[in-house]
There are 2 protein chains.
Amino acid sequence: MVVDQLHEDEVSRLFQALADATRRDIVARVLVADHSVSRLAEQYAMSFAAVQKHVAVLERASLVTKEKRGREQIVRGEVDGVQTARRLLDDYERIWRQRVGRIEDILAEDEDRN
Amino acid sequence: MVVDQLHEDEVSRLFQALADATRRDIVARVLVADHSVSRLAEQYAMSFAAVQKHVAVLERASLVTKEKRGREQIVRGEVDGVQTARRLLDDYERIWRQRVGRIEDILAEDEDRN
DNA sequence: GTAACGTACAACCACATGGTTGTAGATCAG
DNA sequence: CTGATCTACAACCATGTGGTTGTACGTTAC
């Protein structure tokens, strides 16, 4: 199971990072194309420092990376982080399906008895 | 895109709910089989009230439902919430792949010129 | 009826989070 | 060199979060 391969804290940081609309929007933007932090900041009705903090949260969650280019800091989306989160949710769905499978087995056994 | 079909707040509540190791463990348990709140509380090194709060967070995020049975409250995992979150991440992956596709197109054009 | 059980909820606390402003250091343009 | 730009970071503030304890109330068992 994918879950076991990760430390719980990393997973928590991942979902925590995704639990904010502004940050999700940033992720969507930088997955499409790289943006400097100040370019990103132009998009939102909040201070540059606030956007800077959001980017930092995303970076700690491995959802984006930053790269210095001259005086700018270029933010790039990291699809690996997104995939990690998606696989975790796949695990939950698999757990659930196994349960449904067991229930159907039980029903099938009842069926046999009739 | 699935993202558009949901209010941002719901999505935030979803990921927020998943951003805690105890809550993720509760989700995993109740996806396998129903548990009463007090049964769940036995599993963790924290008070009953704390577990109760975690369940409430999961309920608001539509990741579990509660059903009264006598004096007990039975918690059941709701796979729909999990699937919603997974589909959102699928959207991000799709966005990213489109970008990669465009980059490859550009590289292909350069190739043509050589 | 009474005691134990399962739950709900309020009050409280420490700390994290999301925002602000302000200051300072690099880097680029002219 | 100077000024504008981009970033980093500290300090601060309001609010949210994750935990606690205490109290109250319906339900079950005896």
Side-chain angles (χ1 to χ4, degrees), chain A residues 7-30 33-77 81, chain B residues 7-30 33-77 81:
Chain A
H7 300 287
E8 291 293 332
D9 288 359
E10 296 179 50
V11 180
S12 295
R13 255 179 284 141
L14 232 180
F15 285 122
Q16 179 67 40
L18 289 167
D20 179 277
T22 303
R23 285 197 293 263
R24 286 194 302 275
D25 194 74
I26 291 175
V27 169
R29 284 180 193 275
V30 299
D34 298 352
H35 287 70
S36 70
V37 179
S38 53
R39 193 83 102 53
L40 281 172
E42 290 169 13
Q43 310 289 332
Y44 308 102
M46 66 183 72
S47 68
F48 172 82
V51 174
Q52 218 177 5
K53 280 191 186 181
H54 281 308
V55 171
V57 170
L58 291 170
E59 199 179 10
R60 260 179 278 130
S62 305
L63 283 166
V64 308
T65 51
K66 282 196 304 185
E67 189 186 344
K68 231 167 292 184
R69 203 173 62 194
R71 66 183 157 186
E72 293 184 323
Q73 196 80 254
I74 306 300
V75 184
R76 162 176 295 115
Chain B
H7 300 288
E8 291 292 333
D9 289 359
E10 296 180 49
V11 180
S12 295
R13 255 179 284 139
L14 231 181
F15 284 122
Q16 179 66 42
L18 290 167
D20 179 278
T22 302
R23 285 197 292 265
R24 285 194 301 275
D25 194 75
I26 290 175
V27 170
R29 284 180 193 274
V30 298
D34 297 352
H35 287 69
S36 69
V37 179
S38 53
R39 192 85 99 55
L40 281 172
E42 291 169 12
Q43 309 290 332
Y44 308 102
M46 66 182 73
S47 68
F48 173 82
V51 174
Q52 219 178 4
K53 281 192 185 179
H54 281 308
V55 171
V57 170
L58 292 170
E59 199 180 11
R60 261 180 279 130
S62 306
L63 283 166
V64 308
T65 52
K66 283 196 303 183
E67 190 186 345
K68 233 168 290 186
R69 203 172 63 194
R71 67 183 157 185
E72 293 184 324
Q73 197 79 255
I74 305 300
V75 184
R76 163 176 296 113

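Naming: A, B, ... by sequence-line order, numbering from 1 per chain. Just so you know, these numbers use all the heavy atoms, side chains as well, and skip hydrogens, waters and symmetry mates.
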Would a 4.5 Å heavy-atom cut-off, applied to side chains only, mark A/Gln43 and A/Asp25 as touching?
no
Output every pair passing side-chain hydrogen bond (donor to acceptor under 3.5 Å, both in side chains) with a member in residues 46-64 of chain A, not counting sequence neighbours, ordered by first then second residue.
A/Arg23-A/His54
In whole angstrom, give the distance that lies between atom NE2 of A/His35 and atom P of D/dC6.
14 Å
Rounded to the nearest 0.5 angstrom, the CZ-CD distance for B/Phe48 and B/Glu42 is 10.5 Å
Report yes if some heavy atom in the side chain of A/Lys66 is under 4.5 Å from a heavy atom in the side chain of A/Val75; otherwise report no.
yes
Establish, with yes or no, whether the OP1 or OP2 oxygen of C/dT7 is under 4.0 angstrom from a side-chain nitrogen or oxygen of B/Ser38.
yes
In this structure, are over 12 heavy atoms from other groups packed under 6.0 Å from B/Arg29 atom CZ?
yes
Side-chain touch B/Thr22/B/Met46, heavy atoms, less than 4.5 angstrom:
yes
Readout for nucleotides 18-30 of chain C: B = base within 4.0 Å of protein heavy atom, S = sugar-phosphate only, - = neither; 5' to 3' it is SBBB-----BB--
Side-chain N or O of B/Gln52 less than 4.0 angstrom from OP1 or OP2 on C/dA8?
yes
Check the side chains of B/Arg24 and A/Ser12 for a donor-acceptor pair under 3.5 angstrom, ignoring hydrogens and angles.
yes
With each end axis built from five pairs of C1' atoms, what bend angle do you get for the helix from C/dG1-D/dC30 to C/dG30-D/dC1? Round to 10°.
30°
Establish, with yes or no, whether the OP1 or OP2 oxygen of D/dA8 is under 4.0 angstrom from a side-chain nitrogen or oxygen of A/Gln73.
yes
Taken to the nearest whole Å, CZ/A/Phe15 to P/D/dT17 is 17 Å
Rounded off to whole Å, could you give me the CD-to-P distance for the B/Glu67 and C/dA8 pair?
13 Å
Whole angstrom is fine here: how far is it from CD in B/Glu42 over to P in C/dC5?
11 Å
Find the distance B/Glu72:CD to D/dT28:P and express it as a whole number of Å.
9 Å
Atom CD1 of B/Ile26 and atom CG of B/Leu63: how far apart are they, to the nearest 0.5 Å?
11.0 Å
Spacing of B/Lys68 atom NZ relative to C/dT7 atom C1', expressed in whole Å
9 Å
May I have the distance from B/Leu18 (atom CG) to D/dG18 (atom P), rounded to whole angstrom?
12 Å
Close side-chain approach of A/Glu72 and A/Ile74, heavy atoms under 4.5 Å:
yes
Can you tell me if the side-chain N/O atoms of B/Lys66 get under 4.0 Å from OP1 or OP2 in C/dG6?
no
